A.B. asks: 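If you scroll down you'll find the structure; I have some questions about it.
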Amino acid sequence: VNTGTRPDELTAALDAAPGPALVYVTAEWCTSCRVIEREVLPDPGVQAALARVTPIAVDVTRFDADGQALLDQLASVGPPTLVFLNTARSELPDSRLVGEFHAEDLIAALGRLEP
């Protein structure tokens with residue numbers, strides 16, 4: 001997982017991704033993020049679906065100008081937010097996950113990304 005805290009790091013990670021990407025907005029103080037990381041991401045079905053994408057974590061723990069710029073770049077109000085981007089770096093319509101969600105929701109969203 002590539003992790004960035006600045007807009008240029010996100011851009012570089014997206015440029016380096018060979019195919020579809022999953023951008024995960026997270027922060028150390030985000031309790032919902034801990035639930036997702038403990039209960040959803042380790043799910044075997046989620047792990048299998050994640051193998052098809054490049055996961056990129058965007059850390060807004062230190063909420064400064066870079067953090068706000070990252071949220072603006074992703075049109076996100078804050079963590080947890082998952083943005084699904086196809087190879088052309090366009091967000092899939094109605095695919096974004098915000099707040100807590102279940103493994104099935106993540107698997108379904110990942111399944112709509114082209115290989």
Side-chain angles (χ1 to χ4, degrees):
V1 174
N2 296 315
T3 304
T5 57
R6 298 189 328 259
D8 62 323
E9 291 172 332
L10 173 58
T11 300
L14 288 170
D15 288 347
L22 168 60
V23 179
Y24 173 41
V25 180
T26 185
E28 289 178 18
W29 44 261
C30 171
T31 54
S32 294
C33 298
R34 301 296 79 79
V35 171
I36 291 165
E37 290 158 14
R38 193 175 53 250
E39 298 177 12
V40 177
L41 295 180
D43 180 275
V46 168
Q47 287 298 304
L50 282 172
R52 302 176 47 237
V53 302
T54 299
I56 300 168
V58 170
D59 187 342
V60 293
T61 298
R62 278 190 18 231
F63 193 71
D64 53 12
D66 282 333
Q68 184 61 58
L70 280 166
L71 293 181
D72 291 346
Q73 184 177 354
L74 294 166
S76 171
V77 294
T81 301
L82 277 74
V83 181
F84 301 85
L85 302 172
N86 63 21
T87 349
R89 300 299 172 247
S90 297
E91 184 174 357
L92 295 183
D94 302 318
S95 65
R96 183 175 291 221
L97 296 175
V98 179
E100 290 187 30
F101 51 86
H102 299 283
E104 299 79 26
D105 303 318
L106 180 51
I107 292 166
L110 286 165
R112 294 202 309 265
L113 284 170
E114 79 273 6

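Since this is a predicted model, take the numbers as computed values, not measurements. Heavy-atom basis, side chains included; hydrogens, waters and symmetry copies ignored. Residue numbers run from 1 in the order of the sequence given.
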A.B. asks: For the pair Gln47 (side chain) and Leu41 (backbone), establish whether a donor and an acceptor sit closer than 3.5 Å, ignoring hydrogens and angles.
C.D. replies: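 Yes, Gln47 side chain to Leu41 backbone: donor-acceptor pair under 3.5 Å.
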A.B. asks: Within the 4.5 Å heavy-atom criterion, are Pro18 and Thr54 side-chain neighbours or not?
C.D. replies: yes
A.B. asks: Is it the case that over 12 heavy atoms from other parts of the model lie below 6.0 angstrom from the CG atom of Asp94?
C.D. replies: no
A.B. asks: Looking at Asp105 and His102, would you say the former's side chain and the latter's main chain have a donor-acceptor pair under 3.5 Å?
C.D. replies: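 Yes, because the side chain of Asp105 sits within donor-acceptor range (under 3.5 Å) of the backbone of His102.
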A.B. asks: Is there a side-chain contact between Leu74 and Thr81 (heavy atoms, below 4.5 Å)?
C.D. replies: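 Leu74 vs Thr81: side chains apart.
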A.B. asks: Could you name each residue pair satisfying disulfide bond (SG atoms under 2.5 Å apart) that touches residues 19-108, not counting sequence neighbours?
C.D. replies: Cys30-Cys33
A.B. asks: Identify the two heavy atoms, one from Leu113 and one from Pro20, that lie closest to each other, and give their separation to 0.1 Å.
C.D. replies: CD1-CB, 4.0 Å
A.B. asks: So, Arg52 side chain and Leu110 main chain: donor-acceptor pair closer than 3.5 Å or not?
C.D. replies: yes
A.B. asks: Taking all atoms of both residues into account, what is the closest heavy-atom pair of Arg89 and Leu14, and its distance?
C.D. replies: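 Of all heavy-atom pairs spanning Arg89 and Leu14, the closest is NH2-O, 3.1 Å.
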A.B. asks: Check for a donor-acceptor pair, side chain of Arg112 on one end and backbone N or O of Leu92 on the other, with a separation under 3.5 Å.
C.D. replies: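 Side chain of Arg112 to backbone of Leu92: no pair is present.
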A.B. asks: With a 4.5 Å limit on heavy-atom distance, are the side chains of Asp8 and Asp66 in contact?
C.D. replies: no
A.B. asks: I'd like to know whether Asp64 forms a side chain to side chain donor-acceptor pair (under 3.5 Å) with Gln68, so could you lay out the CA-CA distance, the side-chain angles of the two residues, the decisive distance to 0.1 Å, and finally the verdict.
C.D. replies: CA-CA 6 Å; Asp64 53 12; Gln68 184 61 58; over 6 Å; no
A.B. asks: Using every non-hydrogen atom in the two residues, find where Ile36 and Pro42 come nearest and quote the distance to one decimal.
C.D. replies: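 Of all heavy-atom pairs spanning Ile36 and Pro42, the closest is O-CD, 4.2 Å.
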A.B. asks: Does Leu22 reach the side chain of Val83, with side-chain heavy atoms less than 4.5 Å apart?
C.D. replies: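 Contact flag for Leu22/Val83 side chains = no.
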A.B. asks: Is any side-chain heavy atom of Leu71 closer than 4.5 Å to one of Val77?
C.D. replies: no
A.B. asks: Glu37 vs Tyr24, test: side chain to side chain contact (heavy atoms under 4.5 Å, CB included). Steps then yes/no.
C.D. replies: CA-CA 11 Å; Glu37 290 158 14; Tyr24 173 41; 2.9 Å; yes
A.B. asks: Same cluster for Val46 and Phe101 if Ile/Leu/Val/Met/Phe/Trp/Tyr side chains link at under 4.5 Å?
C.D. replies: yes
A.B. asks: So how far is it from Arg6 CZ to Asp59 CG, rounded to the nearest 0.5 Å?
C.D. replies: 12.5 Å
A.B. asks: Should Leu50 and Leu97 be counted in the same cluster of Ile, Leu, Val, Met, Phe, Trp and Tyr side chains packed under 4.5 Å apart?
C.D. replies: yes
A.B. asks: Do Leu70 and Pro7 have side chains that approach each other closer than 4.5 Å (heavy atoms only, starting at C-beta)?
C.D. replies: yes
A.B. asks: Under the side chain to side chain contact (heavy atoms under 4.5 Å, CB included) criterion, do Glu9 and Val58 qualify, and how do the steps go?
C.D. replies: CA-CA 9 Å; Glu9 291 172 332; Val58 170; over 6 Å; no
A.B. asks: Look at atom CD of Glu28 and say whether more than 12 heavy atoms of other residues, nucleotides or ligands are closer to it than 6.0 Å.
C.D. replies: no
A.B. asks: Verify the cluster assignment for Val60 and Val35: are they in a single hydrophobic cluster under the rule of side-chain heavy atoms below 4.5 Å apart?
C.D. replies: no
A.B. asks: Are side-chain heavy atoms of Arg96 and Val23 found at a separation under 4.5 Å?
C.D. replies: no
A.B. asks: To the nearest 0.5 Å, tell me how far Asn86 CG sits from Ser95 OG.
C.D. replies: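 Nearest 0.5 Å value for the CG-OG distance: 9.5 Å.
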